[in-house]
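Small disclaimer: the values here were computed from a predicted structure and weren't measured. All residue numbers refer to positions in the sequence shown, counting from 1.
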Amino acid sequence: MTKKPMNSLFLNYLIESENNIAANAEKWMKNYSSTDKISEMSKATDEHIVLIMACWGEIGWCLPEWKKQGIRLGKVLDDLKTNVSITKIDEGLSDCFAEREIEALTILIKRHLSNSEKRKLDLAFELYLKQAYFTSAVLLAGLIDSASINQVLKSSANPQNVSQCWKCYGKVIQENFGGAYFTGTFPFNKSAKNDDRGNSTIEFFKSIKHDICFDNKKEILIPLSFALLKFFDDSDWQDKKNGEIPSSINRHWLAHNMYDYDDITRADCIKLFCMLYQITELYSML
């Protein structure tokens, strides 16, 4: 089956942001000592960074900070703007990962897992090495789900049951970061239809309050949230009939066994290893 084109929502926002910065750069530089201009420039720059992370999340990637070195991050954005296929972008990014780095990710992830979960992760890595990417991805997706479910269970003596893992993740984010570091509300109850959830996620991160104590968590939280936004996107089963699959790996398609076995690639598994690493690192900071 073939991949659907990516949703251009975030890319359009990014291009609009670039045009805004280019149009105002001269004005800002002429008045760089003005408090109002500094504030305006800072806001535009901060929003631009959020939009860059949103575009990376749209193709399913949330790279660990230590892995960004040596990857031509700007080229990926240029490829998106010039309609290079996500399949080709994924192949290029997955080639940047050596198997020993995936093994290192599993070792780091296991610091935060129970013994039962460690065994599942070991099996997922073993299957990955055997190129059994479909079955590896199913295990990894389940571990990503359970990370948020378990975090919700830890947060209250009588936690409210939450049926969707996007809602689990969103409740954790809102309760731990919403009031302290953002003026907005994380859209854990928003529908993914008609870009409601995507637009609201952008607005949430644009509402950030700057706090140096939050910087380490922010570097994980923002790219992870946009990658999970795509991972938990709604599904249109009519796509299956039309011979199409989501533009990036999708939890619902995995859970409902709608993918063909060969649809899941090495790049898909690496995306999931990265998501699992980032989410366990974030939750370990809470």
Worked check of side chain to side chain donor-acceptor pair (under 3.5 Å) between Tyr169 and Ser225: CA-CA 9 Å; Tyr169 175 75; Ser225 294; 2.7 Å; yes

CA sep, side-chain torsions, deciding dist, call: Trp253, Asp263, side-chain contact (heavy atoms from CB on, under 4.5 Å): CA-CA 11 Å; Trp253 277 65; Asp263 287 337; 5.7 Å; no

Any side-chain donor near an acceptor of the partner, Asp90 and Thr87, under 3.5 Å: no

Check: Ser247 and Lys230 side chains under 4.5 Å, non-hydrogen atoms: yes

Heavy-atom side-chain contact between Lys240 and Asp260 under 4.5 Å: yes

Hey, can you pull the donor-acceptor pairs under 3.5 Å for the side chains in residues 133-148, sequence neighbours left out?
residue: Thr135; atom: OG1; partner: Ala132; partner atom: O; Å: 3.1
residue: Ser136; atom: OG; partner: Ala124; partner atom: O; Å: 2.8
residue: Asp145; atom: OD1; partner: Arg251; partner atom: NE; Å: 3.4
residue: Asp145; atom: OD2; partner: Arg251; partner atom: NE; Å: 2.4
residue: Asp145; atom: OD2; partner: Arg251; partner atom: NH2; Å: 2.6
residue: Ser146; atom: OG; partner: Gly142; partner atom: O; Å: 3.3
residue: Ser146; atom: OG; partner: Leu143; partner atom: O; Å: 3.1
residue: Ser148; atom: OG; partner: Tyr283; partner atom: OH; Å: 2.7

Distance-only side-chain donor-acceptor flag, Asp122 / Thr106, under 3.5 Å: no

Partner set under ring pair (Phe, Tyr, Trp, His ring centres under 6.0 Å) for Phe182, not counting sequence neighbours: Phe204, Phe205, Phe214

Side chains of Asn24 and Glu40 in contact at under 4.5 Å (non-hydrogen atoms): yes

Close side-chain approach of Glu117 and Ser114, heavy atoms under 4.5 Å: yes

Asp79 backbone acceptor or donor facing Thr82 side chain under 3.5 Å: yes

Electrostatic pair Glu281:Arg111 at N-O distance under 4.0 angstrom: yes

Check against side-chain contact (heavy atoms from CB on, under 4.5 Å), Trp56 and Leu93: CA-CA 11 Å; Trp56 275 88; Leu93 287 168; 3.8 Å; yes

Same cluster (ILVMFWY, side-chain, under 4.5 Å), Leu224 and Trp66: yes

Under 3.5 Å donor-acceptor, Arg266 side chain and Ser94 backbone: yes

Test item: Asn242 side-chain N/O and Glu244 main-chain N/O as donor-acceptor pair under 3.5 Å: no

Donor-acceptor contact below 3.5 Å, side chain Asp211 vs main chain Tyr181: no

Side chain Gln278, main chain Leu221, donor-acceptor under 3.5 Å: no

Polar contact flag, side-chain donor to acceptor under 3.5 angstrom, Ser248-Lys271: yes

Side-chain heavy-atom pair Asp46, Val50 within 4.5 angstrom cut-off: no

Lys67 side chain to Cys96 backbone, donor-acceptor under 3.5 Å: yes

Ring centers of Phe177, Phe186 separated by less than 6.0 Å: no

Heavy-atom check, side chain of His252 versus side chain of Trp237, under 4.5 Å: yes

Minimum side-chain heavy-atom gap Phe231-Cys165 below 4.5 Å: no

Over 12 non-hydrogen atoms of neighbours within 6.0 angstrom of NZ in Lys130: no

Gap separating the NZ atom of Lys118 from the NZ atom of Lys110, nearest 0.5 angstrom: 7.5 Å

Ile59 and Cys55, any side-chain heavy atoms less than 4.5 Å apart: no

Aromatic ring proximity Phe273/Tyr128, centre distance under 6.0 Å: yes

side-chain contact (heavy atoms from CB on, under 4.5 Å) assessment of Ile245 paired with Lys4: CA-CA 6 Å; Ile245 60 175; Lys4 292 181 69 175; over 6 Å; no

Residues, nucleotides or ligands: over 12 heavy atoms within 6.0 Å of Lys241 NZ: no

N-O pairing of Lys81 and Glu18 below 4.0 Å: yes

Test item: side-chain donor near acceptor, Tyr13 and Asn199, under 3.5 Å: yes

Exercise: identify the closest heavy-atom pair between Ile109 and Leu113: O-CG, 3.5 Å

Any donor-acceptor N/O pair, Ser207 side chain to Gly184 backbone, under 3.5 Å: yes

side-chain hydrogen bond (donor to acceptor under 3.5 Å, both in side chains) involving Asp78 - partner list, sequence neighbours excluded: none

Single-linkage hydrophobic cluster, 4.5 Å side-chain cutoff, Ile264 and Leu127 together: no

Trace of the side-chain contact (heavy atoms from CB on, under 4.5 Å) decision for Ile202 with Phe226: CA-CA 9 Å; Ile202 284 285; Phe226 285 108; 3.9 Å; yes

